[in-house]
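Proteins come first, then strands; the chains are lettered A, B, ... in the order of their sequence lines, and each starts at number 1.
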Amino acid sequence: MDDQTRMLAGLTGLGGLSQGDVGDPDSVRKQLGQPQQDIGDILQQIMAITDESLDEAQARKHALNCHRMKPALFSVLCEIKEKTVLSIRGIQDEDPPDPQIMRLDNMLLAEGVSGPEKGGGSAAAAAAAAAAGGSPGADGGIEHSDYRAKLAQIRQIYHSELEKYEQACSEFTNHVMNLLREQSRTRPISPKEIERMVAIIHRKFSSIQMQLKQSTCEAVMILRSRFLDARRKRRNFNKQATEVLNEYFYSHLSNPYPSEEAKEELAKKCAITVSQVSNWFGNKRIRYKKNIGKFQEEANLYAVKTAVDAASVSAQASQANSPATPNSGTPCCMPASWK
DNA sequence: ACCCATGATTTGTG
DNA sequence: CACAAATCATGGGT
């Protein structure tokens, strides 16, 4: 410290100044009148400032601030600082929009978490649900409203957190800016440097935001798999659908393998997908075969039903009520020809 | 809480 | 790839 002081003093042609002179306000006042000694003097005072009491320092600070050489010295110091330390860091300053965060943003937008408020959000959710499931139009209103409620909850949390971060960020930025501005009266801090500082703060906060976005994405994914995964939201087909399927099954008991066209037809009639029809027949065949006895009653029922339907074209009266027993004998068809 | 029915998925085969 | 068989996971009745 002393060496530096002496060196700086020497450079500005102020070799003769002693420590005693520096601390003395009178000597300062005296020296302020001598232009050629100004810079060295100011530097001396700056160097000595840490040794002083708070009041003294405050007074000295004020004196320095008002000094006519101050602006020039300040800008010189800023320039030096700019050229030395900060230029190294300044190179990798501007980074392009982070691809990672863009991905997350896109996903959140697609899920209806970010983007427009309430109305649009639920529409987006419904769209997402439809896109994901290819869901049967049948029922599941409860499912969707539940899903939407959860999604809205996630979105609310997301937005409030985001707002909190943004607020904290701007608060912090303001604080730092004020601090730096205040300090720039006594310390060489250029506006450029403040800008850079702000950028650094924003980067920090945006990395926090990314974490928020990431965890929100995860939450949405979990919610999605929980609600939209068909396996979990299994609903029994409605009565009419099972009736149509059973009708087909028992009326084609000798060969219960609907063609692709037949499957499509059935799917249409039952308001389910073709693959659901395939699943149904697969399950039905295996379960029927496993325990024919158990399905006997059902088989009879549908055999009668089709018979009634066929007969009803001509006359309803004759077959009208025969709930009796077309029992065990009628349609027992061993699946000999099944695959 | 339990059990069975049932739709969906996984695995293995031709 | 369609299918059978085994298995999973839930719905719904008791």
Side-chain angles (χ1 to χ4, degrees), chain A residues 110-111 122 125-154 217-306 308-309 323 325-328 330-339:
Chain A
E111 295 295 333
S122 57
S135 59
D139 51 352
I142 305 146
E143 235 66 35
H144 283 185
S145 73
D146 215 5
Y147 174 80
R148 245 177 315 192
K150 286 266 164 52
L151 193 71
Q153 204 179 325
I154 288 175
C217 276
E218 271 167 37
V220 171
M221 288 315 265
I222 290 165
L223 183 70
R224 239 166 174 263
S225 69
R226 182 120 194 76
F227 275 85
L228 270 26
D229 181 10
R231 187 169 181 148
R232 291 183 195 281
K233 66 152 197 187
R234 180 181 75 77
R235 299 259 96 159
N236 291 353
F237 299 150
N238 62 40
K239 209 167 179 182
Q240 188 245 335
T242 31
E243 228 159 90
V244 170
L245 293 166
N246 272 318
E247 230 166 84
Y248 187 98
F249 180 79
Y250 286 110
S251 61
H252 298 73
L253 202 50
S254 58
N255 186 35
Y257 297 90
S259 65
E260 203 55 35
E261 296 81 53
K263 280 181 191 171
E264 272 164 36
E265 175 100 17
L266 286 166
K268 208 168 173 185
K269 263 200 241 177
C270 300
I272 59 178
T273 66
V274 173
S275 64
Q276 280 179 305
V277 174
S278 298
N279 284 340
W280 190 90
F281 273 90
N283 284 322
K284 191 71 183 180
R285 279 190 301 263
I286 200 79
R287 283 161 186 166
Y288 178 84
K289 197 165 84 175
K290 250 186 180 167
N291 192 351
I292 293 172
K294 197 171 71 183
F295 289 93
Q296 206 57 66
E297 202 177 330
E298 191 176 76
N300 291 337
L301 198 125
Y302 281 100
V304 170
K305 201 170 158 54
T306 50
V308 169
D309 284 350
T325 52
N327 60 21
S328 53
T330 333
C332 178
C333 222
M334 270 311 268
S337 66
W338 291 14
K339 295 177 189 177

*Please determine if a side-chain N or O atom of Tyr288(A) lies less than 4.0 Å away from the OP1 or OP2 oxygen of dT6(B).*
no

_Measuring from the side chain of Arg235(A) (C-beta onward, heavy atoms only), which nucleotide among dG11(C), dT7(C), dC3(C) has the closest atom?_
dG11(C)

*What integer distance in Å separates Phe249(A):CZ from dC3(C):P?*
13 Å

*Select base, sugar-phosphate, or nothing to describe what Lys263(A) touches, counting heavy atoms under 4.0 Å on all strands.*
sugar-phosphate

*Lys284(A) has an atom NZ; how far is it from atom P of dA5(B), in whole Å?*
11 Å

*Taking atom P of dA2(C) as reference, at what distance in whole Å does atom CD of Gln276(A) sit?*
16 Å

*Let me know the distance between CZ of Arg285(A) and C1' of dA6(C), rounded to the nearest Å.*
16 Å

*Can you name the closest pair of heavy atoms from Phe237(A) and Gln276(A) and give their distance?*
CE2-NE2, 3.6 Å

_4.5 Å side-chain heavy-atom contact, Phe281(A) and Tyr257(A)_ = no

*asked:* Once you apply a heavy-atom cut-off of 4.0 Å, does Arg287(A) come out as touching a base, just sugar-phosphate, or nothing?
replied: base

*asked:* Using whole Å, what does the distance between atom C1' of nucleotide dA6(C) and atom CG of Asn291(A) come to?
replied: 17 Å

*Please state how far atom CZ in Phe281(A) lies from atom P in dG7(B), giving the value in whole angstrom units.*
12 Å

*Side chain of Ile286(A) (C-beta onward), nearest among dG7(B), dA5(C), dC3(C)*: dA5(C)

*Starting from C1' on dA5(C), measure out to CG on Asn279(A) and report it in whole angstrom.*
14 Å

*Least distance between heavy atoms, Val274(A) atom then Glu260(A) atom*: CG1-OE2, 3.6 Å

*Round to a whole Å and report the spacing from CG of Asn283(A) to P of dG11(C).*
17 Å

_Counting the benzene-type ring for Trp, do Phe295(A) and Tyr250(A) have ring centres under 6.0 Å apart?_
no

